[in-house]
Structure formats: structure tokens, C-alpha cells
Amino acid sequence: MEDRAALLSTFQASFFAMTRLSPLHWERLRGELEKDKSSELIAAILKKTSLSPLAQKHPPSAKYRRSFLTELITMLEQMCLEPLDELYEGLAGVLSDQKSEDCYKTYLLAGGGAVTLTESVALVSQGTTGLVTWEAGLHLAEWAGEHLEAFSGRVVLELGCGVGLTGLVVCRGCSPSRYVFSDFHPSVLRRLRANLELNGLGEGPAGGAEGGGVVRVEELDWESVSEERLREIGADTVIASDVVYDPDLLPGLVRLLSVVLRCSSPAAPQVFICSPIRNPDTYNSFKRQLEAAGVGHEVIRGAARQALSYQRASAIEMMQLTLHTQ
């Protein structure tokens, strides 16, 4: 029963996060179905996924639901198990859904509860890549859950926060005193504010993070943000994920990180950058520009424990930045 419960949880988490299930998970399902020769387990999966109240309120994309239900139907028919009307009715309902440019993704948290986001179904939308959650942001959220000391009771500034996944997870589980979400693209900021409201977090003390913290949204231009503005934010911890991807943006990012480390008092904040290494040339250029600006980096070893459902397709590197001593 424990294996079956774990399998149900895996299917549920993958469905709401719109993660492709591995062949291994489908084979495990096939094995469980062969044991009892009934479709009861598929019915249980439907109750946890497409027929659940959460799916009715915040459904994944129609394309994902269609693929998920079709896979279940294929397995049921191949094994000659009793048909399930609700399975076929669910697929018919998905096929009749109108196409949408947006969808919901819900990440089930290990300690209970969930974070739900509205995201674009396209990787690039409205001239930005910031309307979807990227792998490094999920990795950073997992890492934060294992390093509460860097966030609990502290003012946290996130650079290039996108639709807000990392910050929402930190606010839910790490108890920052204040969390500042920052980005620059107008469409991203609008989507971010909508996602904060969707998760019960508004700007200001009344809608702050769990544990009594305050949530703010800042429009920050890496090229022009002033030292005074950064001092006003007063971050103890600065984080960013998947911001090292465009060579043209690197000088502005390095300038900002250098200013962040130099303008704070009485002590410089802890600065953590989480990056997928898609293009080694771009990533190495980032490191060289940091060194030229007098900013050192130390790679943080050890992978974070998997706590969220997503495909780990890229090599991810976490680093901490510090100023070189004179």
C-alpha cells in the first residue's frame, strides 16, 4: 500500500506541475494494475488529478491534460481492464476546451500546502522569457528550504524574479522578515502581482509572508538602479536564478551585483546565484566579468534534495558572491 500511495503522490505532483512522467513511473503503474486486474488505481489517480477540486479551479494546460488522459486510456485498453466512463468523459471535456495562451501550474510542497502560478504556455511570450518558471528557480527554491539560516528573519531581495515561484516558496517556508520581488518587464510585473494575489500574498504588511513578513514588488532596471535605492531596500540576502543567459545583459548584471555588495552597511549581504549551464561560453564570461569587477565567487557543492516536481534536464550551479579583499 505504501508503494501505491507513493505512486499516487507522484502522479498527482507531476500532473499539477505539468511534468512529464518518466517511463519508469508508467511501468510501475502497469505493474500495480497487473496485480489486481482492475481499473481502481486509475480511478484513484483521476480523483487525485483531473477530477480533483484543485484541477477544476486551477487546471493545467489543455495540451498537458489531453496527453495525460490519453496515456491512461491507452494503458487501460492495452491491459483490457474495465472501462471508466469518467476517463473518457474527461478527455472529451479537454478536447472541447478552447485554446488559451496561459495555464496554471501548481507545485505541491513537502510540508503541505501548494504554490499555484499562472504562466504562459509558450517559452517566449510578449517579448520576454519571464512569463514561465525555469529550472534554476525551482532548484533555488529547493536549496532555500535546506538553508533557512540565509532567509529566516532576513530581508531578501530577488533579482529577475519572473512569475514568482522561488519567492513564493521562500515566503511559505523560510519566514523572511521582508521579501522584495524585483523584475523589469511590465508584463512580468503584472503577472507577478497576479500570482501573489492568487497565493494570498499582497504587497504590504497585511498581505505579507507567513511568519509576519512584508512582501514588496520593485521595478528594477539593472543598468540604472541607484545605490540609494538599493540601500533603501536594505537586503540581507540577495538571490537570483537563471539570469545568466544573454551576453548583452551580463555587464548590467555584474554592475548591479558589484553595487549591491559595496553599498550595503554595516555588512554586505549574502548573494547567491543559481544558474543552468546551457552555454559554457556565456557562463564563463559572467565569471570573468565578476572577477574584473572585484567580485569573487565560490561554487556551492552538493545537490538540493528533490522537493518539487520538475524535470532536471540541465546542469545547475549554485554560487555565492563576495567582494575580493584589498
Side-chain angles (χ1 to χ4, degrees), residues 1-100 102-119 121 133 135 138 141-142 145 165 169 172-173 198-199 305-313:
M1 290 301 293
E2 184 176 346
D3 287 345
R4 179 167 291 201
L7 188 61
L8 279 171
S9 295
T10 297
F11 270 72
Q12 181 187 40
S14 296
F15 176 82
F16 285 109
M18 290 174 51
T19 304
R20 178 186 296 179
L21 285 153
S22 72
L24 176 63
H25 291 123
W26 289 108
E27 285 305 310
R28 284 180 59 194
L29 174 59
R30 182 183 293 275
E32 290 294 324
L33 293 172
E34 287 176 345
K35 288 179 185 178
D36 55 19
K37 304 297 182 182
S38 82
S39 52
E40 289 183 2
L41 181 54
I42 290 182
I45 289 174
L46 289 176
K47 289 179 181 178
K48 287 278 191 178
T49 57
S50 63
L51 297 181
S52 69
L54 179 57
Q56 305 308 307
K57 186 176 183 181
H58 301 309
S61 73
K63 181 179 179 180
Y64 182 88
R65 286 179 285 142
R66 181 172 65 250
S67 175
F68 183 85
L69 294 173
T70 299
E71 194 80 28
L72 289 176
I73 288 173
T74 299
M75 182 166 289
L76 184 146
E77 292 178 344
Q78 286 178 346
M79 300 186 69
C80 300
L81 299 177
E82 181 182 357
L84 290 172
D85 290 343
E86 56 266 41
L87 184 53
Y88 294 92
E89 290 168 359
L91 180 59
V94 172
L95 292 174
S96 66
D97 280 355
Q98 294 183 343
K99 284 188 176 181
S100 172
D102 300 321
C103 65
Y104 290 100
K105 283 188 181 180
T106 298
Y107 296 92
L108 306 180
L109 305 181
V115 167
T116 297
L117 305 169
T118 55
E119 296 191 7
V121 296
T133 296
E135 185 180 355
L138 289 148
E142 292 175 326
L165 181 279
V169 174
R172 285 282 173 83
L198 183 62
N199 289 274
R305 180 180 60 85
Q306 183 174 349
L308 300 168
S309 180
Y310 65 101
Q311 290 178 307
R312 288 151 176 77

*asked:* Under the criterion side chain to side chain contact (heavy atoms under 4.5 Å, CB included), I'd like the reasoning laid out for Leu95 against Leu91: C-alpha separation, chi angles, the key distance, then a yes or no.
replied: CA-CA 6 Å; Leu95 292 174; Leu91 180 59; 4.2 Å; yes
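- At a threshold of 4.0 Å, the pair Asp36-Arg4 counts as salt-bridged, since one of the basic side-chain nitrogens sits closer than that to a carboxylate oxygen.
- Side-chain atoms of Thr19 never come within 3.5 Å of backbone atoms of Gln311 as a donor-acceptor pair (strictly under, hydrogens ignored).
- Taking CD of Glu34 as the start and CG of Leu81 as the end, the distance is 9.0 Å to the nearest 0.5 Å.
- Judged by the 6.0 Å and 45° rule, Arg312 forms a cation-pi pair with Tyr310.
- Counting heavy atoms from C-beta on, the side chains of Ser61 and Met18 come closer than 4.5 Å.
- Using a distance-only test at 3.5 Å, with no hydrogens or angles considered, no donor-acceptor pair links the side chain of Ser39 to the main chain of Ile42.
- At most 12 non-hydrogen atoms from other residues, nucleotides or ligands lie less than 6.0 angstrom from CD of Glu40.
- Residues Glu142 and Leu308 approach most closely at OE2-N, 2.9 Å, considering heavy atoms.
- Contacts of Lys57 classified as side-chain hydrogen bond (donor to acceptor under 3.5 Å, both in side chains), with partners at least two apart in sequence or in another chain: none.
- Of the possible polar contacts, one joining the Ser96 side chain to the Gly93 backbone as a donor-acceptor pair under 3.5 Å is found.
- Ring geometry, His58 versus Tyr104: the interplanar angle falls from 30° to 60°, so the pair is classed tilted.
- Residue Glu71 qualifies as enclosed at atom CD: its count of foreign heavy atoms under 6.0 Å is above 12.
- Leu33 and Ser38 make their closest contact through CD2-O, 3.5 Å (heavy atoms, listed as atom of the first residue, atom of the second, distance).
- For the pair Leu84/Leu72, no side-chain contact is recorded, criterion being any heavy-atom separation below 4.5 Å from C-beta on.
- The closest side-chain heavy-atom distance from Leu29 to Leu21 is not below 4.5 Å.
- Side-chain contact between Gln12 and Leu8 is absent, with no heavy-atom pair separated by less than 4.5 Å.
- Atoms CG and OG1, from Leu51 and Thr49 in turn, are 6.5 Å apart once rounded to the nearest 0.5 Å.
- The shortest distance between side-chain heavy atoms of Val115 and Arg172 falls below 4.5 Å.
- Residues Tyr107 and Val169 fail the side-chain proximity criterion, which asks for heavy atoms closer than 4.5 Å.
- Looking at heavy atoms from C-beta onward, Glu119 lies out of side-chain contact with Asp102 at the 4.5 angstrom threshold.
- For the pair Arg65 and Phe15, the minimum side-chain heavy-atom distance is below 4.5 Å.
- Put simply, CE on Met75 and CD on Gln78 are 7.0 Å apart, with the number rounded to the nearest 0.5 Å.
- Taking all atoms of both residues into account, the shortest heavy-atom contact from Arg28 to Ala6 is NH2-CB, 4.4 Å.
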Self-check item: Verdict with reasoning, Thr116 to Lys105, per side chain to side chain contact (heavy atoms under 4.5 Å, CB included)
Solution: CA-CA 6 Å; Thr116 297; Lys105 283 188 181 180; over 6 Å; no
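- The shortest heavy-atom contact between Ser50 and Leu69 is OG-CD2, 3.8 Å.
- Closest approach of Tyr64 and Arg20 over heavy atoms only: CE1-N, 4.5 Å.
- Counting all heavy atoms, side chain and backbone alike, Ser309 lies closest to Ala17 at O-CB, 3.4 Å.
- Taking SG of Cys103 as the reference point, atom NZ of Lys63 lies at 11.0 Å (rounded to 0.5 Å).
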